[in-house]
Amino acid sequence: MSTAPRILISGGGIAGNALALQLVRAGIPTTIVERARAPRPGGQAVDLRGASREAAERLGLMPGIRRHQLDERGMSYVDGHGRVYGRMSMEDFDGKGAIAEIEITRGDLNDVLLDALREAAASGGPSNPVGADESLLDQRYGEHLVALDQQTDGVDATFASGRRERYDLVVGADGVHSATRRLAFGPEDRYVTNLGGYAAFFTMPTPADLEPGWFAMRLVPGAMFGIRPDGDPATSKAIINVRTDRDPALRGDPAAQRALIRSAIADGGWHATRILEAMERADDFYFDELARVDMPSLSSGRVVLIGDAATCGSPLTGMGTAMAILGAYLLGLEVIGLADAAATAAGSGDGGGGVGGLGDPVALAAALARFEEQLAPHAERSRQIPGGSLAVMLPRTRIMSALARVNVKLMLSRPMRPLAKKLFAGDAEDLPLPAEQTAAPQPVE
Ligand SMILES: Cc1cc2nc3c(=O)[nH]c(=O)nc-3n(C[C@H](O)[C@H](O)[C@H](O)COP(=O)(O)OP(=O)(O)OC[C@H]3O[C@@H](n4cnc5c(N)ncnc54)[C@H](O)[C@@H]3O)c2cc1C
């Protein structure tokens, strides 16, 4: 009887797809369930730097990423008339400022991952190098977990469709409001802290007078709004952050969410009116809390968390996607290592679910602990918010907002650049990744 391990990933976003890619390439049967009925498009430019970029290189994703790479030259701060009073160019800050050398929209990055995943499933993984092995990847859209029942030798997962299946490992990659985390670790309010505001993102037509390639941003009392380059020059991404008390009624109420955004920026001058008009028509309007996730441990028995579900430092850090790729990569290394070791020990080449493999609770616990230990220093640094807090970034009163503007000018001046670089990028580049896998994956063209 085969002891090939079975892995369930909940969430088909960046973290879930990046992990599935590695597992399928390694020939490990993987089920991935995504609550949305199709891959979710949308999202702003996200950046890859330091260890996350190295992980993307090792996963062979860079050719695909380069194809969609944005022409983003820097960030500028504008006043109510659109006059620039501060600039942070990518080059002056060596890609360590707000804009990194590699910027890609979240939706495009997800497409690069999905293309690679399809290709990996079609080529069948190392256990079947000659052809497609459909059984390696089971991708289900419009499906989600409703219950998890952990036993020592497996987890019984129950889905909304009524299906019930047993897995060796369940991975929660289902975002900041993770259902997997709730089912395995307890209620969300134990782990998620609202940092005092909300963020919205959506696509809009590019205003004619916008400087091409620049992310222009305006600070107003209690909010910021900006327009960022998109893959298509005819469109841009609008970004709005609002400082306000948490209001649970906003969840799942797009009309109330839009009303909040309107009241925060309507009098902001510059392109506020255009942004608000575009918001009414946007079909990719995304709105969520500016929230941080703090987990005492990333695993509980046979359930482990990655991405925002595990380590979200809020969109203010700009590190969510980087950490999603990195967490998926590090967990993938451990899971594949465990499966390989068990398969070798058994001399069976059956995929490694037996003794010392994913089926073995002691070996699995040790592998998950190693994963967490390796991710921890990256996770800690990824939570640093430029400026320290939302309150510092977005003061509420006019006078404090004017002072924030003076502060921006000062921080962007040449003598202050080294400090500004540190505030934006932290020291993430200094943190190494564990040794590379021996069998490097083929790049995705
Ligand atoms: C459409 C979209 C747009 C975004 N835009 C931005 C942006 O502009 N800027 C920014 O900083 N961050 C944005 N984010 C968040 C950003 O993607 C994450 O911070 C980061 O990429 C971490 O990746 P993740 O895979 O952990 O989470 P996500 O990329 O959020 O992926 C989580 C996935 O899990 C799915 N899911 C949720 N609940 C369940 C469930 N119960 N069962 C199964 N699946 C579930 C979601 O539909 C989603 O596809 C966006 C996320 C989404 C989904």
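Read the numbers this way: they start at 1 and go in the same order the structure lists the ligands and their atoms.
Here the side chain of R87 pairs no donor or acceptor atom with the backbone of Y77 at under 3.5 angstrom.
Here the closest non-hydrogen pair linking P229 and E72 is CD-OE2, 3.2 Å.
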Give every pair formed by an N or O atom of ligand 1 and a protein N or O atom closer than 3.5 Å, one pair per line with both atom names and the distance to 0.1 Å, or write none.
unit_1   : atom_1 : unit_2 : atom_2 : d
ligand 1 : 8 (O)  : Q44    : N      : 2.7
ligand 1 : 17 (O) : R106   : NE     : 2.8
ligand 1 : 19 (O) : D308   : OD1    : 3.2
ligand 1 : 19 (O) : D308   : OD2    : 2.6
ligand 1 : 21 (O) : T321   : OG1    : 3.1
ligand 1 : 25 (O) : I14    : N      : 3.2
ligand 1 : 25 (O) : A15    : N      : 2.9
ligand 1 : 26 (O) : D308   : N      : 2.7
ligand 1 : 29 (O) : R106   : NH2    : 3.2
ligand 1 : 44 (N) : R35    : N      : 3.1
ligand 1 : 47 (O) : E34    : OE2    : 2.6
ligand 1 : 47 (O) : R40    : NH1    : 3.0
ligand 1 : 49 (O) : E34    : OE1    : 2.6
ligand 1 : 49 (O) : E34    : OE2    : 3.3

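The environment of E280 atom CD is dense: over 12 non-hydrogen atoms of other residues, nucleotides or ligands sit within 6.0 angstrom. By the 6.0 Å contact criterion, CD on Q151 is enclosed, its count of non-hydrogen atoms from other residues, nucleotides or ligands being greater than 12.
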Would you be so kind as to tabulate the donor-acceptor pairs closer than 3.5 Å made by side chains of residues 33-44, with sequence neighbours excluded?
unit_1 : atom_1 : unit_2 : atom_2 : d
E34    : OE1    : G12    : N      : 2.8
E34    : OE2    : A36    : N      : 2.9
Q44    : NE2    : A238   : O      : 3.0

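Rounded to the nearest 0.5 angstrom, M319 CE and S314 OG are separated by 12.0 Å.
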